Trainee: 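The structure is given below, and queries will be raised subsequently.
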Amino acid sequence: MRRFICIVSSLTLILNLVQAQDNNLNNDSSGTVFHWPDGKKMALSLSFDDARYSQVDKGIPLLNRYHVSGTFYVSPGAMIERVKDWENAVGAGHEIGNHTLVHPCSGNFPWARDKALEEYTLEKMAKELDSASVLIHEVLGIWPSAFAYSCGQTFVGRGVDTKSYVPLVVERFETGRNWMNEGPNDPVYCDLARLNGTELDGKSFQEALQLIKETRNQGAWLIFAGHEMNEGGQQTSLLPTIDSICRYASDPSNGIWIDNVTNIGKYVREMRESPDHTPMKP
Ligand SMILES: [Zn+2]
């Protein structure tokens, strides 16, 4: 009998713990008010990496037609081959972000073996981030405040010596964007130094629209991330998809604030620090 009472009280304890966790989750996910500006229901950013030529040749002229400001995380080596075009992009209101200097990634990619994050130290990464910003400043006259992790990887070293370089990003930039993440960013909770980036490459407009609608239902911030901006091919965000996204997001009845990563990130930061941003009373 004593054993039976013991089991029952253990089960009651477990049930209470599970219930307490559920309550916490409810509070976290819906207990805080967050308003996007002008009554918008969600935020959307279009971001593209590596300074691919198709971005300045085809993608940026398309965004310009809709007056949509994108965020371009440039690889300086490719950028300096098209300086005039990138100057024009800045002039048209696009954001230029830092994407490291030589695009280090895990050496598990054979092409990255000579610039493997496993062989990096934090000191080496800090110097690389600063060198890339200085180069962007020298060429385009602006200091980047947005950063995208090359290959979406946020570490240096390997095994027990692995270290996160996210703190280096926090010291230098307003935001850091990841790659190939599931889901949009919750403006109440997301870490601005590790923002989710959702792959746009290869998606049809219908696939993109599904993600946009899910984001709007959550009142969240979707950051699309892509590479080439063209009609087709590897790692390519399709021009017809981008065109349809811009048209859809430009229709005020769809309730979308479309802007670059820094503008939306700044708003999120300011709203969190605002006294009006208080937990919702049930
Ligand atoms: Zn990249």
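Start at 1 and go down the list; that is how both ligands and their atoms are numbered. Computed from a predicted model, the values in this text were never measured in an experiment.
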Trainee: Is there side-chain contact between R194 and V166, with heavy atoms separated by less than 4.5 Å?
Mentor: yes

Trainee: Check the orientation of H94 and F72. Use parallel for under 30°, tilted for 30 to 60°, and perpendicular for over 60°.
Mentor: perpendicular

Trainee: Is it the case that the side chain of H103 and the backbone of S150 share a donor-acceptor pair, with hydrogens and angles ignored and the cut-off at 3.5 Å?
Mentor: no

Trainee: Assess whether side-chain hydrogen bond (donor to acceptor under 3.5 Å, both in side chains) is satisfied between R172 and S133, documenting all intermediate values.
Mentor: CA-CA 9 Å; R172 289 164 174 78; S133 286; over 6 Å; no

Trainee: For the Zn ion (ligand 1), check which protein N, O or S atoms are under 2.8 Å away and list them.
Mentor: D50 OD1, H99 NE2, H103 NE2

Trainee: Does the gap between the ring centers of Y120 and F155 come in under 6.0 Å?
Mentor: no

Trainee: Please list, chain by chain and in numerical order, all residues satisfying salt bridge (Lys or Arg N to Asp or Glu O under 4.0 Å) with D259, sequence neighbours excluded.
Mentor: none

